[in-house]
Amino acid sequence: MRNVDRSAKAFALLSIAVALLLGVAASASAQPPAAPSPVTFTKDVAPIFQKSCQNCHRPGSIAPMSLITYEDARPWARSIKQRVEARQMPPWHVDRTVGIRQFKDDPSLTDHEIATLSAWAGAGAPRGNPADMPPPRQFDDADRWHIGKPDLIVAMPKVFTVKTEAADWWGIFEAASGLTEDRYIKAVEAKPSPGARRVVHHSVETLVYDDGSSGGGTLVEYAVGKNGDVFPEGSGKLMKAGAKVRFNMHYHAIGEPVTDRTEVGIVFYPKGVVPTHVVTTILSPNQDDLDIPAGADNVRSDAYYKIDKPSHLVGFMPHMHNRGKRQCLEAIYPDMKVEQLNCVNYDFNWQIVYNYADEVAPLLPAGTIMHVISWHDNSAGNKYNPDPRNWVGFGNRTTDDMSRHWLTFYPMSDDEFKAEVAVRNAIKASRTAAQQ
Ligand code: HEC
(Lines give C-alpha, C1' and ligand atoms only; values in the text may rest on other atoms or scores of the structure.)
Protein backbone atom coordinates (compact mmCIF):
# COMPACT_ATOMS: atom_id res chain seq x y z
CA MET A 1 0.00 0.00 0.00
CA ARG A 2 2.64 2.46 1.07
CA ASN A 3 4.54 1.79 -2.09
CA VAL A 4 1.51 2.54 -4.23
CA ASP A 5 0.96 5.68 -2.22
CA ARG A 6 4.42 6.81 -2.82
CA SER A 7 4.34 6.15 -6.53
CA ALA A 8 1.00 7.93 -6.76
CA LYS A 9 2.55 10.92 -5.07
CA ALA A 10 5.57 10.74 -7.33
CA PHE A 11 3.25 10.57 -10.33
CA ALA A 12 1.38 13.62 -9.14
CA LEU A 13 4.62 15.53 -8.65
CA LEU A 14 5.83 14.45 -12.05
CA SER A 15 2.59 15.62 -13.63
CA ILE A 16 3.01 19.02 -12.01
CA ALA A 17 6.60 19.22 -13.22
CA VAL A 18 5.57 18.26 -16.75
CA ALA A 19 2.74 20.78 -16.64
CA LEU A 20 5.18 23.45 -15.50
CA LEU A 21 7.61 22.56 -18.21
CA LEU A 22 4.87 22.56 -20.83
CA GLY A 23 3.69 25.88 -19.48
CA VAL A 24 7.16 27.32 -19.80
CA ALA A 25 7.44 25.89 -23.27
CA ALA A 26 4.03 27.27 -24.18
CA SER A 27 4.84 30.75 -22.96
CA ALA A 28 8.24 30.49 -24.65
CA SER A 29 6.62 29.69 -27.96
CA ALA A 30 4.17 32.52 -27.47
CA GLN A 31 7.03 34.96 -27.01
CA PRO A 32 10.14 33.44 -28.51
CA PRO A 33 13.23 34.87 -26.75
CA ALA A 34 15.95 36.06 -29.09
CA ALA A 35 17.63 32.67 -29.26
CA PRO A 36 21.38 33.32 -29.01
CA SER A 37 22.77 32.26 -32.35
CA PRO A 38 25.62 29.81 -31.87
CA VAL A 39 29.08 31.30 -31.84
CA THR A 40 30.97 30.29 -34.97
CA PHE A 41 34.47 30.74 -36.31
CA THR A 42 33.53 32.55 -39.48
CA LYS A 43 31.05 34.97 -37.94
CA ASP A 44 32.38 35.72 -34.46
CA VAL A 45 35.88 34.38 -33.94
CA ALA A 46 37.73 35.29 -37.15
CA PRO A 47 37.11 39.05 -36.69
CA ILE A 48 38.66 38.90 -33.20
CA PHE A 49 41.66 36.93 -34.45
CA GLN A 50 42.15 39.42 -37.28
CA LYS A 51 42.06 42.39 -34.97
CA SER A 52 43.98 41.02 -31.98
CA CYS A 53 46.02 37.94 -32.83
CA GLN A 54 47.08 37.63 -36.45
CA ASN A 55 49.79 40.28 -36.42
CA CYS A 56 51.78 37.67 -34.49
CA HIS A 57 49.88 34.47 -35.29
CA ARG A 58 50.53 34.21 -39.02
CA PRO A 59 53.24 32.61 -41.11
CA GLY A 60 56.53 34.48 -40.83
CA SER A 61 55.67 36.28 -37.61
CA ILE A 62 56.82 35.23 -34.15
CA ALA A 63 54.02 33.15 -32.68
CA PRO A 64 54.26 29.36 -32.78
CA MET A 65 51.11 28.85 -34.87
CA SER A 66 48.92 30.66 -37.36
CA LEU A 67 45.38 31.73 -36.48
CA ILE A 68 44.30 32.75 -39.96
CA THR A 69 42.13 29.94 -41.30
CA TYR A 70 39.67 27.69 -39.54
CA GLU A 71 42.00 24.73 -40.15
CA ASP A 72 44.86 26.69 -38.53
CA ALA A 73 42.89 27.62 -35.46
CA ARG A 74 40.70 24.59 -34.79
CA PRO A 75 43.35 22.40 -33.06
CA TRP A 76 44.22 25.27 -30.68
CA ALA A 77 40.70 26.00 -29.46
CA ARG A 78 41.26 24.68 -25.95
CA SER A 79 44.60 26.35 -25.49
CA ILE A 80 43.11 29.60 -26.85
CA LYS A 81 40.32 29.44 -24.30
CA GLN A 82 42.85 29.03 -21.48
CA ARG A 83 45.20 31.74 -22.68
CA VAL A 84 42.55 34.37 -23.26
CA GLU A 85 40.66 33.64 -20.06
CA ALA A 86 43.91 34.02 -18.12
CA ARG A 87 44.53 37.23 -20.09
CA GLN A 88 47.92 35.92 -21.18
CA MET A 89 47.04 36.47 -24.84
CA PRO A 90 47.28 38.90 -26.42
CA PRO A 91 50.31 39.66 -24.27
CA TRP A 92 49.40 42.57 -21.99
CA HIS A 93 49.91 41.58 -18.42
CA VAL A 94 48.87 44.55 -16.38
CA ASP A 95 46.45 43.44 -13.63
CA ARG A 96 43.15 45.04 -14.55
CA THR A 97 41.68 44.69 -11.09
CA VAL A 98 43.95 47.23 -9.38
CA GLY A 99 45.12 50.75 -10.00
CA ILE A 100 44.95 52.80 -13.16
CA ARG A 101 43.14 51.23 -16.09
CA GLN A 102 43.57 53.41 -19.13
CA PHE A 103 46.65 52.98 -21.26
CA LYS A 104 47.71 53.95 -24.75
CA ASP A 105 47.67 51.14 -27.33
CA ASP A 106 46.04 48.65 -24.96
CA PRO A 107 45.58 45.54 -27.14
CA SER A 108 43.69 43.49 -24.57
CA LEU A 109 40.41 41.80 -25.35
CA THR A 110 37.11 42.99 -23.91
CA ASP A 111 35.24 40.70 -21.51
CA HIS A 112 32.73 40.15 -24.30
CA GLU A 113 35.42 39.06 -26.76
CA ILE A 114 36.85 36.64 -24.20
CA ALA A 115 33.37 35.23 -23.58
CA THR A 116 32.93 34.78 -27.34
CA LEU A 117 36.20 32.85 -27.72
CA SER A 118 35.44 30.70 -24.66
CA ALA A 119 31.93 29.92 -25.90
CA TRP A 120 33.30 28.96 -29.30
CA ALA A 121 35.90 26.60 -27.81
CA GLY A 122 33.32 25.26 -25.36
CA ALA A 123 30.88 24.46 -28.16
CA GLY A 124 33.46 22.29 -29.94
CA ALA A 125 34.88 25.11 -32.11
CA PRO A 126 32.25 25.10 -34.90
CA ARG A 127 33.21 26.51 -38.28
CA GLY A 128 29.91 28.15 -39.18
CA ASN A 129 28.81 29.41 -42.55
CA PRO A 130 31.78 30.02 -44.87
CA ALA A 131 29.89 33.01 -46.32
CA ASP A 132 30.22 34.79 -42.95
CA MET A 133 34.02 34.80 -43.17
CA PRO A 134 35.39 38.36 -43.28
CA PRO A 135 37.87 39.25 -46.04
CA PRO A 136 41.44 38.49 -44.93
CA ARG A 137 43.25 41.21 -43.03
CA GLN A 138 45.94 42.94 -45.04
CA PHE A 139 49.13 43.41 -43.07
CA ASP A 140 51.39 46.41 -43.13
CA ASP A 141 54.54 45.66 -44.92
CA ALA A 142 57.23 44.97 -42.33
CA ASP A 143 59.43 47.71 -43.75
CA ARG A 144 57.06 50.47 -42.82
CA TRP A 145 58.04 52.84 -40.04
CA HIS A 146 55.03 53.44 -37.84
CA ILE A 147 56.40 56.80 -36.72
CA GLY A 148 56.55 58.18 -40.27
CA LYS A 149 59.75 58.82 -42.20
CA PRO A 150 62.63 58.97 -39.70
CA ASP A 151 65.06 61.90 -39.82
CA LEU A 152 67.82 59.60 -38.62
CA ILE A 153 68.28 55.84 -38.84
CA VAL A 154 70.97 54.12 -36.77
CA ALA A 155 71.63 50.44 -37.49
CA MET A 156 73.47 47.82 -35.49
CA PRO A 157 77.16 47.94 -36.53
CA LYS A 158 76.96 44.48 -38.10
CA VAL A 159 74.65 41.74 -39.14
CA PHE A 160 73.97 39.07 -36.54
CA THR A 161 73.20 35.53 -37.65
CA VAL A 162 70.89 33.43 -35.52
CA LYS A 163 71.89 29.83 -36.21
CA THR A 164 69.48 27.02 -36.98
CA GLU A 165 69.75 25.69 -33.49
CA ALA A 166 71.13 27.73 -30.63
CA ALA A 167 70.44 28.62 -27.05
CA ASP A 168 68.79 32.01 -26.53
CA TRP A 169 71.41 34.71 -27.04
CA TRP A 170 71.71 38.01 -25.24
CA GLY A 171 74.28 40.60 -26.22
CA ILE A 172 75.14 44.24 -26.76
CA PHE A 173 76.13 46.21 -29.86
CA GLU A 174 76.98 49.89 -30.11
CA ALA A 175 76.80 52.18 -33.10
CA ALA A 176 77.70 55.85 -33.58
CA SER A 177 74.73 58.02 -34.48
CA GLY A 178 76.74 60.66 -36.33
CA LEU A 179 74.65 63.37 -34.64
CA THR A 180 76.67 66.60 -34.47
CA GLU A 181 74.29 68.81 -32.50
CA ASP A 182 71.81 68.34 -29.67
CA ARG A 183 68.31 67.50 -30.92
CA TYR A 184 64.99 66.62 -29.31
CA ILE A 185 63.24 63.40 -30.23
CA LYS A 186 59.53 63.49 -31.02
CA ALA A 187 59.13 59.84 -31.94
CA VAL A 188 61.35 56.79 -32.01
CA GLU A 189 61.00 53.20 -33.15
CA ALA A 190 63.23 50.12 -33.24
CA LYS A 191 62.79 47.61 -36.03
CA PRO A 192 64.46 44.28 -36.81
CA SER A 193 65.43 43.48 -40.40
CA PRO A 194 62.55 42.27 -42.55
CA GLY A 195 62.14 38.55 -41.91
CA ALA A 196 64.02 38.74 -38.61
CA ARG A 197 61.00 39.49 -36.47
CA ARG A 198 60.76 35.78 -35.76
CA VAL A 199 64.15 35.69 -34.06
CA VAL A 200 64.31 39.05 -32.29
CA HIS A 201 62.70 38.31 -29.01
CA HIS A 202 63.20 41.82 -27.82
CA SER A 203 65.70 44.63 -28.05
CA VAL A 204 66.24 47.57 -25.77
CA GLU A 205 68.09 50.63 -27.04
CA THR A 206 69.79 53.30 -24.97
CA LEU A 207 71.80 56.41 -25.76
CA VAL A 208 75.34 56.38 -24.45
CA TYR A 209 78.09 58.98 -24.56
CA ASP A 210 81.87 58.88 -24.66
CA ASP A 211 82.12 59.98 -21.03
CA GLY A 212 80.33 56.76 -20.09
CA SER A 213 77.06 58.47 -19.23
CA SER A 214 73.79 57.22 -20.57
CA GLY A 215 71.46 60.05 -21.38
CA GLY A 216 67.70 60.04 -21.07
CA GLY A 217 67.58 56.44 -19.97
CA THR A 218 66.09 53.95 -22.40
CA LEU A 219 65.73 55.32 -25.89
CA VAL A 220 63.21 52.74 -27.07
CA GLU A 221 62.56 49.04 -26.78
CA TYR A 222 61.15 46.57 -29.24
CA ALA A 223 59.15 43.38 -28.89
CA VAL A 224 56.96 42.02 -31.62
CA GLY A 225 53.67 43.83 -31.91
CA LYS A 226 55.29 47.04 -30.78
CA ASN A 227 54.96 50.12 -32.95
CA GLY A 228 56.92 53.19 -32.01
CA ASP A 229 57.03 55.60 -29.10
CA VAL A 230 55.45 58.94 -29.83
CA PHE A 231 55.91 61.28 -26.89
CA PRO A 232 53.03 63.35 -25.55
CA GLU A 233 52.64 66.69 -27.40
CA GLY A 234 55.18 69.26 -26.24
CA SER A 235 57.48 66.66 -24.73
CA GLY A 236 60.49 64.85 -26.10
CA LYS A 237 63.74 63.12 -25.34
CA LEU A 238 67.11 64.83 -25.63
CA MET A 239 69.69 63.25 -27.90
CA LYS A 240 73.01 64.98 -27.51
CA ALA A 241 75.72 65.46 -30.11
CA GLY A 242 78.03 62.46 -30.32
CA ALA A 243 75.42 60.04 -28.98
CA LYS A 244 75.91 56.36 -29.62
CA VAL A 245 73.04 53.90 -29.72
CA ARG A 246 73.49 50.78 -27.62
CA PHE A 247 71.45 47.77 -28.78
CA ASN A 248 70.69 45.25 -26.08
CA MET A 249 69.51 42.22 -28.03
CA HIS A 250 67.78 38.96 -27.20
CA TYR A 251 67.66 36.45 -30.06
CA HIS A 252 66.15 33.00 -30.22
CA ALA A 253 66.68 30.29 -32.83
CA ILE A 254 63.79 29.00 -34.95
CA GLY A 255 65.20 26.01 -36.81
CA GLU A 256 66.56 27.89 -39.82
CA PRO A 257 69.36 30.47 -40.02
CA VAL A 258 68.12 34.07 -39.95
CA THR A 259 70.12 37.29 -40.12
CA ASP A 260 69.26 40.53 -38.41
CA ARG A 261 70.49 44.07 -38.30
CA THR A 262 68.06 45.93 -36.09
CA GLU A 263 67.64 49.65 -36.79
CA VAL A 264 66.39 52.57 -34.77
CA GLY A 265 64.48 55.33 -36.55
CA ILE A 266 64.14 58.75 -35.00
CA VAL A 267 61.88 61.70 -35.81
CA PHE A 268 63.19 64.95 -34.35
CA TYR A 269 61.50 68.18 -33.43
CA PRO A 270 62.58 70.84 -35.93
CA LYS A 271 66.07 72.22 -35.36
CA GLY A 272 66.18 74.73 -32.54
CA VAL A 273 62.83 73.68 -31.11
CA VAL A 274 63.05 72.75 -27.45
CA PRO A 275 59.92 70.96 -26.27
CA THR A 276 58.44 72.28 -23.03
CA HIS A 277 59.06 68.97 -21.28
CA VAL A 278 62.02 66.67 -21.57
CA VAL A 279 61.11 63.02 -21.16
CA THR A 280 63.50 60.71 -19.39
CA THR A 281 63.44 57.01 -18.65
CA ILE A 282 65.19 55.76 -15.56
CA LEU A 283 65.82 52.31 -14.27
CA SER A 284 64.74 52.00 -10.66
CA PRO A 285 67.64 50.97 -8.47
CA ASN A 286 68.44 47.31 -8.22
CA GLN A 287 68.21 45.37 -5.07
CA ASP A 288 71.73 44.11 -4.81
CA ASP A 289 70.50 42.26 -1.77
CA LEU A 290 67.92 40.27 -3.74
CA ASP A 291 67.76 37.01 -1.81
CA ILE A 292 65.67 34.20 -3.28
CA PRO A 293 66.01 30.85 -1.49
CA ALA A 294 66.05 27.61 -3.50
CA GLY A 295 62.57 26.30 -4.23
CA ALA A 296 60.78 29.29 -2.70
CA ASP A 297 57.72 30.98 -4.19
CA ASN A 298 56.35 34.51 -3.60
CA VAL A 299 59.66 35.91 -2.42
CA ARG A 300 59.15 39.64 -1.99
CA SER A 301 61.67 42.43 -2.44
CA ASP A 302 61.27 46.21 -2.35
CA ALA A 303 62.99 49.07 -4.13
CA TYR A 304 62.55 52.82 -3.78
CA TYR A 305 63.22 55.75 -6.05
CA LYS A 306 62.69 59.38 -5.13
CA ILE A 307 61.24 61.79 -7.67
CA ASP A 308 63.08 65.07 -7.06
CA LYS A 309 60.99 67.39 -9.21
CA PRO A 310 57.22 67.49 -9.80
CA SER A 311 56.67 64.98 -12.60
CA HIS A 312 54.20 63.48 -15.04
CA LEU A 313 54.64 59.69 -15.19
CA VAL A 314 54.38 58.71 -18.86
CA GLY A 315 54.74 54.95 -18.45
CA PHE A 316 56.53 52.06 -16.83
CA MET A 317 58.02 48.71 -17.73
CA PRO A 318 58.76 45.97 -15.20
CA HIS A 319 61.98 44.06 -15.63
CA MET A 320 62.82 40.84 -13.88
CA HIS A 321 64.27 37.57 -15.13
CA ASN A 322 63.00 34.01 -15.37
CA ARG A 323 61.79 33.82 -11.78
CA GLY A 324 59.92 37.12 -11.92
CA LYS A 325 56.26 36.58 -11.08
CA ARG A 326 54.58 39.84 -10.24
CA GLN A 327 55.54 43.43 -9.76
CA CYS A 328 53.61 46.35 -8.31
CA LEU A 329 54.28 50.06 -8.40
CA GLU A 330 53.16 52.42 -5.64
CA ALA A 331 53.55 56.13 -5.18
CA ILE A 332 54.28 57.24 -1.63
CA TYR A 333 53.34 60.91 -1.70
CA PRO A 334 55.11 63.52 0.45
CA ASP A 335 52.10 63.56 2.81
CA MET A 336 52.66 59.80 3.25
CA LYS A 337 49.50 58.84 1.42
CA VAL A 338 50.16 55.69 -0.60
CA GLU A 339 48.56 55.05 -3.97
CA GLN A 340 48.83 51.72 -5.71
CA LEU A 341 49.41 52.66 -9.32
CA ASN A 342 49.60 49.29 -11.06
CA CYS A 343 50.58 45.64 -10.83
CA VAL A 344 51.81 43.40 -13.60
CA ASN A 345 51.64 39.61 -13.70
CA TYR A 346 55.08 39.29 -15.09
CA ASP A 347 56.13 37.02 -17.94
CA PHE A 348 59.80 37.13 -18.91
CA ASN A 349 58.91 36.46 -22.55
CA TRP A 350 57.22 39.80 -22.79
CA GLN A 351 59.01 43.06 -22.06
CA ILE A 352 56.04 45.36 -22.37
CA VAL A 353 55.96 49.07 -21.71
CA TYR A 354 52.70 50.35 -20.29
CA ASN A 355 52.08 53.96 -21.29
CA TYR A 356 49.31 55.74 -19.42
CA ALA A 357 46.52 57.52 -21.23
CA ASP A 358 47.37 61.22 -20.87
CA GLU A 359 44.34 62.12 -18.76
CA VAL A 360 45.09 59.50 -16.08
CA ALA A 361 48.90 59.53 -16.05
CA PRO A 362 50.05 59.92 -12.44
CA LEU A 363 51.10 63.45 -11.45
CA LEU A 364 53.82 63.13 -8.85
CA PRO A 365 54.69 66.02 -6.52
CA ALA A 366 58.39 66.61 -5.76
CA GLY A 367 59.55 64.21 -3.09
CA THR A 368 57.23 61.38 -4.11
CA ILE A 369 58.84 58.00 -3.53
CA MET A 370 58.23 55.34 -6.13
CA HIS A 371 57.98 52.00 -4.41
CA VAL A 372 58.53 48.91 -6.54
CA ILE A 373 57.46 45.60 -5.00
CA SER A 374 58.55 42.43 -6.77
CA TRP A 375 57.71 38.80 -6.23
CA HIS A 376 59.80 35.91 -7.52
CA ASP A 377 58.96 32.27 -7.93
CA ASN A 378 61.98 30.00 -7.58
CA SER A 379 59.88 26.86 -7.20
CA ALA A 380 59.64 23.96 -9.62
CA GLY A 381 56.10 25.18 -10.40
CA ASN A 382 57.57 28.05 -12.46
CA LYS A 383 57.97 26.64 -15.94
CA TYR A 384 60.65 29.20 -16.83
CA ASN A 385 62.77 28.33 -13.82
CA PRO A 386 66.09 26.94 -15.09
CA ASP A 387 66.91 25.34 -11.73
CA PRO A 388 64.77 25.45 -8.59
CA ARG A 389 67.55 23.84 -6.56
CA ASN A 390 69.66 26.98 -6.53
CA TRP A 391 69.61 30.13 -4.46
CA VAL A 392 69.34 33.18 -6.72
CA GLY A 393 70.52 36.73 -6.23
CA PHE A 394 70.87 39.89 -8.26
CA GLY A 395 72.96 39.72 -11.43
CA ASN A 396 73.05 40.46 -15.12
CA ARG A 397 73.13 36.89 -16.39
CA THR A 398 69.69 35.52 -17.22
CA THR A 399 70.27 32.77 -14.69
CA ASP A 400 70.60 35.53 -12.07
CA ASP A 401 67.60 37.65 -11.33
CA MET A 402 66.52 41.25 -11.08
CA SER A 403 63.70 43.30 -9.71
CA ARG A 404 63.90 46.49 -11.68
CA HIS A 405 61.46 48.89 -13.15
CA TRP A 406 61.79 51.38 -15.99
CA LEU A 407 60.00 54.63 -15.29
CA THR A 408 59.42 57.16 -18.05
CA PHE A 409 58.47 60.64 -16.89
CA TYR A 410 58.93 64.33 -17.50
CA PRO A 411 59.79 66.76 -14.72
CA MET A 412 58.16 70.19 -14.57
CA SER A 413 58.34 73.49 -12.74
CA ASP A 414 56.04 73.98 -9.75
CA ASP A 415 53.79 76.27 -11.78
CA GLU A 416 53.48 73.84 -14.66
CA PHE A 417 52.68 71.11 -12.19
CA LYS A 418 49.96 73.17 -10.55
CA ALA A 419 48.51 73.89 -13.99
CA GLU A 420 48.44 70.16 -14.91
CA VAL A 421 46.84 69.31 -11.59
CA ALA A 422 44.21 72.01 -12.16
CA VAL A 423 43.39 70.63 -15.62
CA ARG A 424 43.12 67.14 -14.13
CA ASN A 425 40.81 68.32 -11.38
CA ALA A 426 38.63 70.11 -13.92
CA ILE A 427 38.31 66.89 -15.96
CA LYS A 428 37.35 64.97 -12.82
CA ALA A 429 34.83 67.62 -11.79
CA SER A 430 33.15 67.66 -15.21
CA ARG A 431 32.94 63.84 -15.17
CA THR A 432 31.37 63.82 -11.73
CA ALA A 433 28.93 66.51 -12.85
CA ALA A 434 28.04 64.47 -15.93
CA GLN A 435 27.30 61.44 -13.77
CA GLN A 436 24.87 63.33 -11.55
C1 HEC B 1 52.36 40.31 -29.82
C2 HEC B 1 52.28 39.03 -30.48
C3 HEC B 1 51.10 38.14 -30.15
C4 HEC B 1 49.77 38.46 -30.12
C5 HEC B 1 49.13 39.81 -30.45
C6 HEC B 1 49.07 37.27 -29.75
N7 HEC B 1 49.96 36.25 -29.55
FE8 HEC B 1 49.51 34.37 -28.92
N9 HEC B 1 51.49 33.94 -28.78
C10 HEC B 1 52.51 34.74 -29.21
C11 HEC B 1 53.79 34.08 -28.94
C12 HEC B 1 55.17 34.62 -29.27
C13 HEC B 1 53.49 32.87 -28.32
C14 HEC B 1 54.49 31.83 -27.77
C15 HEC B 1 55.15 32.37 -26.52
C16 HEC B 1 54.20 32.50 -25.37
O17 HEC B 1 53.44 31.56 -25.10
O18 HEC B 1 54.19 33.57 -24.72
C19 HEC B 1 52.03 32.82 -28.24
C20 HEC B 1 51.34 31.76 -27.69
C21 HEC B 1 49.96 31.60 -27.79
C22 HEC B 1 49.24 30.41 -27.38
C23 HEC B 1 49.85 29.17 -26.77
C24 HEC B 1 50.31 28.24 -27.84
C25 HEC B 1 50.85 26.98 -27.25
O26 HEC B 1 51.97 26.60 -27.60
O27 HEC B 1 50.15 26.38 -26.41
C28 HEC B 1 47.92 30.63 -27.67
C29 HEC B 1 46.78 29.67 -27.46
C30 HEC B 1 47.83 31.96 -28.24
N31 HEC B 1 49.08 32.52 -28.29
C32 HEC B 1 46.65 32.55 -28.64
C33 HEC B 1 46.53 33.88 -28.99
C34 HEC B 1 45.28 34.52 -29.27
C35 HEC B 1 43.93 33.86 -29.26
C36 HEC B 1 45.56 35.83 -29.53
C37 HEC B 1 44.61 36.95 -29.82
C38 HEC B 1 43.45 37.07 -28.98
C39 HEC B 1 47.01 36.00 -29.44
N40 HEC B 1 47.55 34.78 -29.11
C41 HEC B 1 47.69 37.18 -29.64
C42 HEC B 1 52.39 36.00 -29.76
C43 HEC B 1 51.20 36.73 -29.79
Side-chain angles (χ1 to χ4, degrees), residues 39-42 44-94 96 103-123 125 134 136-137 139-140 142 146 162 168 189-192 195-203 221-228 250-255 258 317-318 320-322 324-325 344-355 377 382-385 398:
V39 173
T40 67
F41 180 80
T42 52
D44 310 286
V45 170
I48 300 176
F49 284 177
Q50 289 191 349
K51 174 176 74 74
S52 303
C53 317
Q54 290 177 359
N55 67 329
C56 300
H57 288 272
R58 69 186 150 109
S61 192
I62 90 156
M65 75 286 192
S66 165
L67 292 178
I68 291 187
T69 64
Y70 177 71
E71 285 71 21
D72 291 340
R74 170 73 188 81
W76 295 97
R78 232 153 53 134
S79 172
I80 289 168
K81 180 169 150 67
Q82 276 165 9
R83 292 294 192 111
V84 299
E85 283 176 355
R87 289 197 172 276
Q88 288 166 345
M89 284 288 147
W92 181 260
H93 302 132
V94 72
R96 296 153 66 92
F103 294 91
K104 291 179 182 156
D105 304 321
D106 178 348
S108 49
L109 300 179
T110 63
D111 291 340
H112 182 257
E113 288 168 331
I114 292 175
T116 302
L117 296 181
S118 301
W120 174 69
R137 171 173 165 189
F139 289 96
D140 289 342
H146 297 89
V162 183
D168 278 22
E189 178 176 350
K191 201 160 64 75
R197 278 164 200 262
R198 293 170 296 160
V199 296
V200 177
H201 202 281
H202 69 252
S203 70
E221 78 299 317
Y222 165 84
V224 73
K226 169 102 200 262
N227 303 332
H250 174 186
Y251 289 109
H252 62 147
I254 56 160
V258 178
M317 178 173 122
M320 301 191 269
H321 286 179
N322 290 300
K325 180 173 186 180
V344 169
N345 294 318
Y346 188 73
D347 179 339
F348 181 62
N349 274 321
W350 299 101
Q351 306 287 316
I352 300 173
V353 58
Y354 299 95
N355 285 313
D377 179 0
N382 172 1
K383 66 175 173 183
Y384 301 123
N385 194 348
T398 349

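Counting convention: from 1, in listed order, for ligands and their atoms alike. Here, residue 1 is the first one in the sequence, and each next residue gets the next number.
- Within the listing of ligand 1, atoms 1 (C), 2 (C), 3 (C), 4 (C), 5 (C), 42 (C), 43 (C) sit less than 4.0 angstrom from a heavy atom of Cys56.
- The atoms of ligand 1 that sit less than 4.0 Å from any heavy atom of Ile80 are 29 (C), 35 (C).
- Taking CZ from Phe139 and CG from Asn55, the interatomic distance works out to 6.5 Å, rounded to the nearest 0.5 Å.
- Taken from OG in Ser118 to CD in Gln82, the straight-line distance is 10.5 Å, to the nearest 0.5 Å.
- Close contacts between ligand 1 and Asn55 involve ligand atoms 5 (C) [criterion: under 4.0 Å to a heavy atom].
- Although no hydrogens or angles enter the test, the distance criterion places a donor-acceptor pair under 3.5 Å between the side chain of Gln54 and the main chain of Leu67.
- Tyr251 is not listed as a side-chain neighbour of Asp168, based on a closest heavy-atom distance of 4.5 Å or more.
- Shown in contact with Trp76 at under 4.0 Å from a heavy atom are these atoms of ligand 1, numbered in order with element: 24 (C), 25 (C), 26 (O), 27 (O).
- Contact check for Glu113 versus Lys51: side-chain heavy atoms found under the 4.5 Å cut-off.
- Taking Trp92 as the reference, Val94, Phe103, Asp106, Pro107, Ser108, Ile352, Tyr354 meet the side-chain contact (heavy atoms from CB on, under 4.5 Å) condition, with sequence neighbours excluded.
- Atom 8 (Fe) of ligand 1 lies at 2.8 Å or more from every N, O or S atom belonging to Cys53.
- Under a 4.0 Å criterion applied to the non-hydrogen atoms of Pro90, ligand 1 contributes the atoms 5 (C), 38 (C), 41 (C).
- Here Pro107 has no heavy atoms under 4.0 Å from ligand 1, in either its backbone or its side chain.
- When Arg87, Gln54, Arg83, Gln88 are ranked by how near their heavy atoms come to atom 16 (C) of ligand 1, first place goes to Arg83.
- The residue from Met65, His57, Arg78 that puts a heavy atom closest to atom 24 (C) of ligand 1 is Met65.
- Atoms CG and CG, on Leu117 and Leu109 in that order, are 6.5 Å from each other to the nearest 0.5 Å.
- Of all the listed residues (Ser52, Ala121, Ser79), Ser52 holds the heavy atom that lies closest to atom 5 (C) of ligand 1.
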